[in-house]
Amino acid sequence: MTNKEKLTPVRKLDHIRICLEEEIERGWPGFDEVHLSHCALPECNLDELTTKITFLGHDFEAPLFIAGMTGGHPETKEINRRLARAAERFGIGMGVGSQRAALVDPALEDTFSVVREEAPHAFLAANLGIVQLREHGLEWVERAVEMIDANAIAIHVNFLQEAIQPEGDHDATGCTDALASLCRDFDLPVIVKETGSGISAETARVCWNAGVSAIDVGGWGGTSWAAIEGLRAAARGESGLARLGEVFEEWGIPTVVSICEAASTGGPIIATGGIRTGLHMAKAMTLGADLSGMALTLLPPAVEGEEALFQKIGEINHEFRVAMFLSGSRTPAELCSKRAYFTGTIREMLEHEGGI
Ligand SMILES: Cc1cc2nc3c(=O)[nH]c(=O)nc-3n(C[C@H](O)[C@H](O)[C@H](O)COP(=O)(O)O)c2cc1C
């Protein structure tokens, strides 16, 4: 085990602690500049709407995805257990955090495998970084998927975070080829996932050409890895890296713009990054997303307990239903066909892209 690998479990716990204790949202996802057209005569019944969707051949009760956050340290097992129980209870999907730590040290496997034990029917996505994919290939992907009996593998791309970690991977060459090989040789769906800087139309095309099955845009405006790694660097007294983190807090494509750009090139699309309410989910769907992923919003209730987590997801689901009702949508498919108005910076950015 390399020094870098030994540090992974500690880093995982650091991330959770910082996300719970510090203000780590930066930037702006853009949802306040997207307005769904209000339908004053919706001609549907709020209590009879269906939020069911199908994603990658799997049935979901609502278009919500618990974005991959954790596992990899013994203290994270309980969080994954609760998140998985919620996924099972609400019939939604869930990702786990990077499984690298458990691939290096099998003693940590149970912090991940708990999710399949608790969510026998849910759509689960395994998770691995693209650099680990390039270095370890199909073997690690197969082990990661097997560990949680996953329905898909999410390959995360996070070069902003890597650039600000002292132990980060700075060489991104050969990653697209590694992705294409995986898509060619692996039977389950491959999802490419950013973690807070967004996916442009150009990158999305590269991903579809590599053969990926879905893109998670992981846009700018929610959890900021520049902020998190900057805070970690400051705590270690590494002022250069702390400053680098601060400078790059403003780097990224707002989630709304990223959804529009990625959806203009193909699909399915998962909208993640600063999604905080069921109304954001509804807006994301109207812009072309199939699912909405949430991480930071669900972390505090997941740490607090099952009841708090279930209540939070129940509220989010209800907000989504109300947005469907007020836009006159009886089904998610109808919501997708509704009109959105864009204002301000979002409008300017999308016009610049020729997006609207
Ligand atoms: C505590 C924490 C840990 C995370 N760890 C991972 C990870 O290991 N792998 C990954 O692909 N994404 C990871 N993410 C990123 C999320 O999946 C998501 O893309 C990002 O947080 C943006 O969503 P949010 O604004 O709702 O938090 C993590 C997020 C949080 C909050």
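Owing to the predicted nature of the structure, the values given are computational and were not obtained by experimental measurement. When a ligand or atom number is given, it counts from 1 through the structure's own listing order. When reading the values below, keep in mind they use all heavy atoms of this one structure, side chains included, and skip hydrogens, waters and symmetry mates. Just so you know, residue 1 is the first one in the sequence shown, and it goes up from there.
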Got an N/O contact under 3.5 Å between Met294 and ligand 1?
no
Is there a path of hydrophobic side-chain contacts, each under 4.5 Å between heavy atoms of I, L, V, M, F, W or Y residues, that connects Ile313 with Phe320?
yes
What atoms of ligand 1 come closer than 4.0 angstrom to any heavy atom of Leu296?
24 (P), 26 (O), 27 (O)
Using a 4.0 Å cutoff against the non-hydrogen atoms of Gly222, which atoms of ligand 1 qualify?
25 (O)
Using distance alone, determine whether Asn127 and ligand 1 share an N or O pair under 3.5 Å.
yes
Would Arg89 and Glu306 count as a salt bridge (Lys or Arg N to Asp or Glu O under 4.0 Å) here? Give the steps.
CA-CA 11 Å; Arg89 154 81 178 73; Glu306 201 170 285; over 6 Å; no
Distance under 4.0 Å to a non-hydrogen atom of Gly97: what atoms of ligand 1 satisfy this?
7 (C), 8 (O)
Could you state the interatomic distance from CG (Asn127) to CE (Met69), rounded to the nearest 0.5 Å?
12.0 Å
Kindly compute the distance separating CD1 (Ile316) from CE (Met281), expressed to the nearest 0.5 Å.
7.5 Å
Any N/O pair Thr223/ligand 1 closer than 3.5 Å:
yes
Given that the side chain starts at C-beta and the backbone is N, CA, C, O, which of these parts of Thr272 lies under 4.0 Å from ligand 1, counting heavy atoms, or is it both or neither?
side chain
What atoms in ligand 1 come closer than 4.0 Å to a heavy atom of Gly274?
24 (P), 25 (O)
Glu229 and His15: side-chain donor and acceptor closer than 3.5 Å?
yes
Thr297, any N or O under 3.5 Å of ligand 1 N or O
no
Of all the non-hydrogen atoms in the protein, which one sits nearest to atom 5 (N) of ligand 1, and at what distance?
Met69 O, 3.1 Å
Is the shortest distance from a heavy atom of Cys19 to ligand 1 less than 4.0 Å?
yes
Side chain, backbone, both or neither: which part of Lys12 has a heavy atom under 4.0 Å from ligand 1?
side chain
Quick one: NZ on Lys12 to CD on Glu75, what's the gap to the nearest 0.5 Å?
15.0 Å
Does ligand 1 have any atom that is closer than 4.0 Å to a heavy atom of Gly68?
yes
Side-chain touch Glu261/Glu202, heavy atoms, less than 4.5 angstrom:
yes
Does the side chain of Glu307 come under 3.5 Å of the side chain of Gln311 through a donor N or O and an acceptor N or O?
no
Side chain, backbone, both or neither: the part of Ser98 lying under 4.0 Å from ligand 1 by heavy atom
both
Tell me whether ligand 1 is touched by Arg276 - counting only heavy atoms on the residue side and a distance under 4.0 Å.
yes
Interfacing atoms of ligand 1 (cut-off 4.0 Å, heavy-atom, His156):
9 (N), 11 (O)
Gap between atom CD1 of Ile18 and atom CH2 of Trp225 - 0.5 Å precision
8.5 Å
Can you see whether Glu88 engages His121 through a side-chain donor-acceptor pair at a distance of less than 3.5 angstrom?
yes
Separation between CZ of Arg143 and NE2 of His136, rounded to the nearest 0.5 Å:
9.5 Å
If you have a sec, work out which protein heavy atom is nearest atom 12 (N) of ligand 1 and how many Å separate them, to one decimal?
Lys193 NZ, 2.9 Å
Under 4.0 Å from ligand 1, counting heavy atoms only, is it the side chain of Trp225, its backbone, both or neither?
side chain
